[in-house]
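Chain letters run A, B, ... following the sequence lines, proteins first, then strands; residues in each count from 1.
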Number of protein chains: 2
Amino acid sequence: MDNPLSETPKGQLSARIRRDIEQRILLGEWAPGFRIPMERELMETYGCARMTVNKALSALAASGLIERRRKAGSFVSQPLSQSAVIEIPDVRAEVEAIGQAYRLEVISRQQRRSTRADMERLNVQSPRQVLAVHCRHFAGLRVHAFEDRLIDLVSVPDAAEIAFADEPPGTWLRGHVPWSEAENRISALNADASLADRLGVKQGSACLQVERSTWRGKRPITAVRMFYPGETYRLIAHFSPKGDVPRREPA
Amino acid sequence: MDNPLSETPKGQLSARIRRDIEQRILLGEWAPGFRIPMERELMETYGCARMTVNKALSALAASGLIERRRKAGSFVSQPLSQSAVIEIPDVRAEVEAIGQAYRLEVISRQQRRSTRADMERLNVQSPRQVLAVHCRHFAGLRVHAFEDRLIDLVSVPDAAEIAFADEPPGTWLRGHVPWSEAENRISALNADASLADRLGVKQGSACLQVERSTWRGKRPITAVRMFYPGETYRLIAHFSPKGDVPRREPA
DNA sequence: CAGTGGTCTAGACCACCGG
DNA sequence: CGGTGGTCTAGACCACTGG
């Protein structure tokens, strides 16, 4: 059968088309940069009207998974895209936005079989190879953040080859791995001796901790703990109800 | 002219219809609970096809501003709705979700002409009447959060009559005032003597501070500072790229 | 300049659910 | 049961832009 949709239709046609294409992208069949068949082809593939295909593709474009250009066609996004700039800030951009020179210092980088603690952080049951990276992000001479990251090498095998000498792990991941879900957990804590030393602050001073887990479908990609000196750092999120993108009024 | 859209069309028709309806709601012409004209009426009002109206209304429903029910019609949402439960948590629900008894204690409540500091917090230029509320949220016997809130009585005149004896200000506002934009600023700080006393923690212990400003259009509604004991509180946000609502896979 | 997406139309059928 | 929204169709014209 030509039609790649499941034989027992459930739900809206446009939603099923969307899921079908989404799966091809998330499972890697259609890699970043791949040119998606155009609407007039897909409408034959799925045997439906062009508006129906358009609805599916428009939704995918709105969610950032694909990018569309007239005349050129529709392309699978490079994972970086503009996705969720608010929720997952780029550390380097963050530092440079405040006019400071960015510098990355990798403290340690270790590939290992996951410990019990690692598996808990990644929320997985089975042992696997993981990459643990500790690094510091500098804004000028000041420490902007300390990062404690764990990468699932099953989901991201390419990471094993990356030294992260120049590009921060978070930036590299955003540029190479598409993600579908993430979770931030934010808390405050008093810096212990070790953390105080790493951040260059006094022991006991308040720090902001952002723990973030990222998944592609059900597979974990990475779990990271970012520590910021609390006095200076502010996590800012601008938003509208139900995830609306704030719209600018035409002048 | 019957057509309520601006005479010089700019942008997509469906988007202009959406903005037109959105304005009626945000400016209060169509109050919460109001039944919006049905699609077949609106399509005559705006002189366009039903699909075009449907696109506008679907977008409004997706953003939570209206609710739609077959046979019944489309209604302006009660502001509470499900809007942005992640970004603007309800304190009482938060406490009860962890199985604790919720209690609200209003420390002070003062209506006054805005001070210079008030105007800065609300980000307005002109003086106005404001309501300043300090209160504590208890989870059982423990202080869950200390709240320092400022309400713009120009935008929310009804608030002047509310004692907040039982319902927290944030909950009341969510249930009575529609908002279109908000911003969270998150940081960590060491509790000074005053804050430590209010939160029932040791002086110097790390606390999480969430500053939030809320607007309806360009008018400020409220500015609030919430302080949480950092060791226990965690602000959790689950999200997908570009504001997608996380979808559940059909089993 | 022609291929592609963006949008709209006029109509249709259906599912749902309130009266 | 019938009114309402939900969705899809088959087609059209247009705007943009890449080749």
Side-chain angles (χ1 to χ4, degrees), chain A residues 3-6 8-21 25 30 33-77 81 242 245 247 250, chain B residues 3-6 8-21 25 30 33-77 81 242 245 247 250:
Chain A
N3 194 313
L5 296 181
S6 76
T8 54
K10 279 178 189 172
Q12 324 168 30
L13 178 54
S14 61
R16 281 186 292 137
I17 294 176
R18 176 183 172 174
R19 277 196 296 272
D20 182 59
I21 296 176
I25 295 175
W30 289 352
F34 177 83
R35 177 180 161 153
I36 290 182
M38 50 194 184
E39 294 189 351
R40 288 162 175 87
E41 294 180 56
L42 289 173
M43 109 190 191
E44 289 195 7
T45 304
Y46 295 111
C48 66
R50 190 177 147 224
M51 275 259 338
T52 309
V53 171
N54 180 276
K55 192 176 173 184
L57 294 188
S58 295
L60 287 171
S63 80
L65 211 59
I66 68 174
E67 287 165 14
R68 319 194 70 191
R69 292 195 306 278
R70 289 178 156 99
K71 166 69 182 177
S74 301
F75 301 83
V76 176
S77 298
S81 75
K242 280 266 178 70
V245 177
R247 276 172 295 108
Chain B
N3 194 313
L5 295 181
S6 75
T8 54
K10 278 180 189 171
Q12 325 168 26
L13 178 54
S14 60
R16 281 185 291 137
I17 294 175
R18 176 183 172 173
R19 276 195 296 271
D20 182 58
I21 296 176
I25 295 175
W30 290 352
F34 177 83
R35 179 181 161 153
I36 289 182
M38 49 195 186
E39 295 189 349
R40 289 164 174 85
E41 294 179 56
L42 288 173
M43 111 191 190
E44 289 195 7
T45 303
Y46 295 111
C48 67
R50 190 176 149 227
M51 276 256 341
T52 308
V53 170
N54 180 276
K55 192 174 173 185
L57 293 188
S58 295
L60 288 172
S63 79
L65 210 58
I66 68 174
E67 288 165 14
R68 320 194 68 192
R69 292 194 305 277
R70 287 178 157 99
K71 165 69 182 174
S74 302
F75 301 83
V76 176
S77 298
S81 77
K242 278 266 177 73
V245 177
R247 278 172 295 109

>> Could you tell me if the side chain of S58(A) sits less than 4.5 Å from the side chain of R68(A), heavy atoms only?
In response: yes
> Atom CD1 of I66(A) and atom C1' of dG5(C): how far apart are they, to the nearest Å?
Replying inline: 11 Å
> Taking CE from M43(A) and P from dG3(C), how many angstroms apart are they, rounded to a whole number?
Replying inline: 16 Å
> Looking at I17(A), T52(A), N54(A), L57(A), which one forms a side chain to side chain contact (heavy atoms under 4.5 Å, CB included) with L42(A)?
Replying inline: L57(A)
> Reading nucleotides 4-10 of chain D 5' to 3', which nucleotides get B (base under 4.0 Å from a protein heavy atom), which S (sugar-phosphate only), which -?
Replying inline: BBBBBBB
> Please give, in whole Å, the distance from dC17(C) P to E67(B) CD?
Replying inline: 15 Å
> Which pair of non-hydrogen atoms, one from W30(B) and one from P37(B), has the smallest distance, and what is that distance?
Replying inline: CH2-CD, 3.8 Å
> Are any of the side-chain heavy atoms of Y46(A) and L13(A) separated by less than 4.5 Å?
Replying inline: no
> Any idea which heavy atoms bring R18(A) and A56(A) closest together, and the distance?
Replying inline: N-CB, 3.8 Å
